[in-house]
Number of protein chains: 2
Amino acid sequence: MRATDIQTVRALPLFAGIGEAQFNALMDAALLQRFPAQVQLIREGEEADFLHVVVEGLVEMFASSDGEETTIGFLAPVSTFILAAVLVEKVYLQSARTLTPSRLLMIPAGAVRKVFAGDTAFAGAVVNELAERYRDIVRQLRTQKMRTGIERLAAWLVAHGEATPDGLIVRIAFEKVKLASFLGMTRETLSRSFAALAEHGVSVSGRTIRCADADALVRLARPEPLLDEHGRPAA
Amino acid sequence: MRATDIQTVRALPLFAGIGEAQFNALMDAALLQRFPAQVQLIREGEEADFLHVVVEGLVEMFASSDGEETTIGFLAPVSTFILAAVLVEKVYLQSARTLTPSRLLMIPAGAVRKVFAGDTAFAGAVVNELAERYRDIVRQLRTQKMRTGIERLAAWLVAHGEATPDGLIVRIAFEKVKLASFLGMTRETLSRSFAALAEHGVSVSGRTIRCADADALVRLARPEPLLDEHGRPAA
DNA sequence: GCTTCGCTTTGACTTTTGTCAAATTCGAGT
DNA sequence: ACTCGAATTTGACAAAAGTCAAAGCGAAGC
């Protein structure tokens, strides 16, 4: 593992206040692995044996049921996942796969629990992380129950767009069918929602979306400060 | 506060392993209050100043947006709520109101954070509680995205029914419109879903539902072990 | 027992979203 | 630049869920 990678991981809020010895203990136990795209890293129902950190690449969290799949979130570097399952020694409720070639740091669950018990700062950071994740999911549930498909799309665009002189530009880093699944609709409905947004100044070319009139989108999304203003979006 | 109440609260998993002195510190700082039905206890967007414990009664968690409301869960004694907001010193993402006359124990947020920092057993219990709540919401999100309305209803009935010689009996402790909101549908749709379940052996009289053929319901709900088999249901 | 108010159900209709199939476009690799 | 397979879009239709309005039911109080 390169020193720069360690620095990156060290800088994560989760490890920010942790003691040097404890951090080293985690890193010594950890494995850094490369995975090609489309590798399933975690299967729901299995025992949680590692805390994962996305160091490079892109990871999708998803759930499957009856052959169907729904995307729960996307993880870009540097973020951790399945902390909850690791801490309570339960099976995963979600599955994960790489969407692009990725490098993952995998910290054995036992090591995480041990350091948690012994390092107050780490315990605090873990709680913060868990609480934030919890709040993310609550936001997703609210969005799912209270907004229509097109509103969810508008909100997502607003949240992920980059303001430029030309208006809002959004570059989707994955297949549109994944976005559709995350937003809780079929690919066909997503496609039609984009088409419907055309009259609000949205033009799509491939995975790049340009929104001439960001305000129109914001109005459409019926923004909720509580839902949309937060540090780390769910995806 | 009666000694029996303290015993009940003490028995909560959240306080199970906590030291005597720390527990007393929490209780000394806490208030026990009675509220009539339909009192809003918490308003989303406000600062989280108390950890709440439902000692008696019934509490609804909900979110509102644009005048609409959606129910996120129901809390029966003895359970705590808004732990996440209390720990990260953030505003509530959900609101809460009493559905029946209730008694609530309210522990100041500062006291909770202080004991968290000083008592490892409590820190562990907090993480367990948070992690379980997190997993509850993930289950709700999955259910919302992957099952149809009638499937959600069937699953809820199965999860909340009591097996009797006559089949499954479910007694709804609140208005049906709340159940509809929790399940993510309108009251009309809920009513029609009940009607549709009639041909699967379900009969409704007021707030009591009898399911002659529990298996039929289970088949309808397309059970997912991960979604449906867990200790504390979301509602 | 009756009345009343509020919750629930039902009917008729609309909107939203999903399904299936076919056409089209995109993009990785040659 | 070209080709092929995969991803996306479009069309036609079906299913699920919401809306509005009216009727029905039920529990609390007279």
To the nearest 0.5 Å, how far apart are OG1 in A:T100 and CZ in A:F35? 12.5 Å
Can you see whether B:F62 has B:R97 sitting over its ring - NZ or CZ less than 6.0 Å from the centre and within 45° of the normal? yes
Which whole-number value in Å describes the distance from B:L99 CG to C:dC7 P? 12 Å
Shorter than 3.5 Å, N or O on both sides, protein versus nucleotides 11-17 of chain C: list them out with atom names.
from: C:dG11; atom 1: N7; to: B:R192; atom 2: NH2; distance (Å): 2.6
from: C:dG11; atom 1: O6; to: B:R192; atom 2: NH2; distance (Å): 2.9
from: C:dA12; atom 1: N6; to: B:R192; atom 2: NH2; distance (Å): 3.2
from: C:dT17; atom 1: OP1; to: A:G149; atom 2: N; distance (Å): 2.8

Roughly, in whole Å, what's the span from CD in B:Q144 to C1' in D:dA17? 12 Å
Report yes if a side-chain nitrogen or oxygen of B:K176 is closer than 4.0 Å to either non-bridging phosphate oxygen (OP1 or OP2) of C:dT9; otherwise report no. yes
Protein-nucleotide distance (B:L220, atom CG; D:dA16, atom C1'), rounded to Å: 14 Å
Classify the angle between the aromatic ring planes of B:F74 and B:F174 as parallel (below 30°), tilted (30 to 60°) or perpendicular (above 60°). parallel
Let me see the working for B:T208 and B:R171 under side-chain hydrogen bond (donor to acceptor under 3.5 Å, both in side chains), right down to the final yes or no. CA-CA 5 Å; B:T208 304; B:R171 171 92 195 148; 2.9 Å; yes
Could you state the CG-C1' distance from A:L153 to D:dT8, rounded to the nearest angstrom? 15 Å
Whole-Å distance separating the CD1 atom of B:I172 from the C1' atom of C:dC7: 13 Å
Measuring to OP1 and OP2 of D:dA7, would you say a side-chain N or O of A:K178 lies under 4.0 angstrom away? no
Which is it for B:K145 and A:T70 under the side-chain hydrogen bond (donor to acceptor under 3.5 Å, both in side chains) test, yes or no, and what are the steps along the way? CA-CA 7 Å; B:K145 285 175 79 174; A:T70 193; 3.2 Å; yes
Could you state the atom-to-atom distance from CG of A:L179 to C1' of D:dT9 in whole Å? 15 Å
Would you kindly give the CZ-to-P distance between B:R187 and D:dA22, to the nearest whole Å? 16 Å
Roughly how many Å is it from CZ in B:F194 to P in D:dC25, rounded to a whole number? 18 Å
From CA spacing to verdict: salt bridge (Lys or Arg N to Asp or Glu O under 4.0 Å), B:R43, B:E46: CA-CA 6 Å; B:R43 220 167 296 269; B:E46 291 183 355; 3.7 Å; yes
